Amino acid sequence: MIVPLLKGIDHIHIYVNDKTKAVDWYSKVLGFKIYEPLKLWDNKTGPLTMSDASDTVHLAFFEREKYEPLTSLALKTTAKGFIEWKEHLEKHGLKIRIANHQVAWSLYFNDPFGHSHEITTREYEQVKSDRHCVLNN
């Protein structure tokens, strides 16, 4: 049996206890915006969908009193973007952990709801050689 092809990830569910707070944080810190074509789904039980600036990553926020935080949402970037994200997250006062994976670099941080997120790049050598970026090896 041949497995049908997928075209990518459509959206990722994220459960929070306050969608308004989620919109504020994900807008300010990660640059997401409300995805207008799906705004009609935003009600008591439905998701509020947000997208990144390139409209390639969609997050669907569901408001729940109780939820289990995601273990990790991994977002990719370039070497230049990695350095910029490191500085940006630090400016927002986030505690970040930098991991050297020998072929990739990752920044790990949490949102206010306990979800662990990652920004990663596979442009390993470019980040390693950047003299302006202090990385923990």
Side-chain angles (χ1 to χ4, degrees):
M1 175 182 203
I2 298 174
V3 176
L5 294 177
L6 296 172
K7 297 202 50 118
I9 295 173
D10 185 73
H11 64 278
I12 298 161
H13 289 205
I14 298 182
Y15 295 93
V16 298
N17 59 6
D18 185 335
K19 283 195 268 188
T20 303
K21 185 177 175 182
V23 168
D24 183 56
W25 192 86
Y26 280 81
S27 295
K28 287 180 183 174
V29 178
L30 296 182
F32 280 74
K33 62 184 184 302
I34 293 175
Y35 187 65
E36 292 297 329
L38 299 181
K39 192 157 172 40
L40 65 115
W41 287 347
D42 180 21
N43 58 39
K44 183 91 173 137
T45 58
L48 183 143
T49 303
M50 298 184 78
S51 65
D52 69 320
S54 65
D55 197 29
T56 58
V57 180
H58 292 172
L59 305 176
F61 293 93
F62 291 86
E63 193 165 295
R64 300 289 188 269
E65 192 172 313
K66 294 182 180 182
Y67 61 89
E68 290 294 322
L70 292 173
T71 56
S72 190
L73 169 64
L75 304 165
K76 66 181 172 181
T77 190
T78 63
K80 181 178 184 287
F82 185 85
I83 305 305
E84 293 170 348
W85 273 109
K86 178 185 177 292
E87 294 169 0
H88 177 77
L89 295 172
E90 288 173 338
K91 284 181 186 172
H92 280 278
L94 292 174
K95 181 180 177 186
I96 60 172
R97 182 174 61 84
I98 300 168
N100 176 345
H101 299 298
Q102 303 306 312
V103 294
W105 291 97
S106 292
L107 300 168
Y108 294 97
F109 59 97
N110 288 3
D111 74 5
F113 307 97
H115 303 293
S116 173
H117 297 317
E118 171 186 4
I119 296 178
T120 190
T121 182
R122 293 189 189 157
E123 296 178 3
Y124 180 81
E125 291 301 325
Q126 295 93 315
V127 172
K128 186 177 177 183
S129 66
D130 189 315
R131 291 189 171 100
H132 304 304
C133 183
V134 177
L135 299 173
N136 301 326
N137 291 317

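This is a predicted model, so every value here is computed, not measured.
Atom OH of Tyr108 sits about 11.5 Å away from atom CD1 of Ile98, to the nearest 0.5 Å. Considering OG1 of Thr49 and CD1 of Ile12, their distance stands at 11.5 Å, rounded to 0.5 Å. For the atom pair Lys95 NZ and Asn110 CG, the distance stands at 9.0 Å (nearest 0.5 Å). Distance check, rounded to the nearest 0.5 Å: NZ of Lys128 to CH2 of Trp105 gives 7.5 Å.
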Subject >> Leu73/Leu59 under side chain to side chain contact (heavy atoms under 4.5 Å, CB included): CA gap, chis, key distance, verdict >> reply: CA-CA 10 Å; Leu73 169 64; Leu59 305 176; 3.8 Å; yes
**OP:** Any chance you could lay out the salt bridge (Lys or Arg N to Asp or Glu O under 4.0 Å) test for Glu87 and Lys91, step after step, and finish with the verdict?
**Re:** CA-CA 6 Å; Glu87 294 169 0; Lys91 284 181 186 172; 5.4 Å; no
**OP:** Go through Asp52 and Leu30 one step at a time and tell me if the side chain to side chain contact (heavy atoms under 4.5 Å, CB included) criterion holds.
**Re:** CA-CA 8 Å; Asp52 69 320; Leu30 296 182; over 6 Å; no
Original post:
Are Lys21 and Phe113 close enough, and set up right, to give a side chain to side chain contact (heavy atoms under 4.5 Å, CB included), and what steps lead you there?
Top reply: CA-CA 9 Å; Lys21 185 177 175 182; Phe113 307 97; 3.9 Å; yes
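Under the 3.5 Å distance criterion, the side-chain polar atoms of His101 are left unmatched by any main-chain donor or acceptor of Arg122. Thr120 places no side-chain N or O within donor-acceptor distance of the main-chain N or O of Lys76, the cut-off being under 3.5 Å.
Residues Asp18 and Val16 are not in side-chain contact: their nearest non-hydrogen atoms beyond the backbone lie 4.5 Å or more apart.
Take His88 and apply the ring-ring contact (aromatic ring centres under 6.0 Å, His included) test, not counting sequence neighbours, and it matches Trp85, His92. Partners of Tyr26 according to the ring-ring contact (aromatic ring centres under 6.0 Å, His included) rule, which considers only residues two or more places apart in sequence or in another chain, are Phe61, His117. The ring-ring contact (aromatic ring centres under 6.0 Å, His included) search around Tyr35 returns His58, not counting sequence neighbours.
Atom CD1 of Ile9 has 12 or fewer neighbouring heavy atoms from other residues, nucleotides or ligands inside a 6.0 Å radius. Atom NZ of Lys33 sits in a crowded spot, with more than 12 heavy atoms from other residues, nucleotides or ligands closer than 6.0 Å.
Applying the side chain to side chain donor-acceptor pair (under 3.5 Å) definition to pairs two or more places apart or across chains, those involving residues 1-11 are His11-His13. Sorted by first then second residue, the salt bridge (charged side-chain N to carboxylate O under 4.0 Å, His left out) pairs that include residues 34-51, not counting sequence neighbours, are Lys19-Asp42. Residue pairs that meet the side chain to side chain donor-acceptor pair (under 3.5 Å) test with at least one member in residues 60-70, sequence neighbours left out, do not exist here.
Residues Phe32 and Val57 approach most closely at CE2-O, 3.5 Å, considering heavy atoms. Between Gln126 and Ala79, the shortest heavy-atom distance links the atoms CB-CB, 3.5 Å. Of all heavy-atom pairs spanning Gly81 and Thr78, the tightest one is N-OG1, 2.9 Å. Between Ala60 and Pro47, the closest heavy-atom pair is CB-CB, 3.7 Å.
Residue Leu75 is grouped with residue Leu94 when hydrophobic side chains (ILVMFWY) are merged at heavy-atom distances under 4.5 angstrom, including chains of intermediate members.
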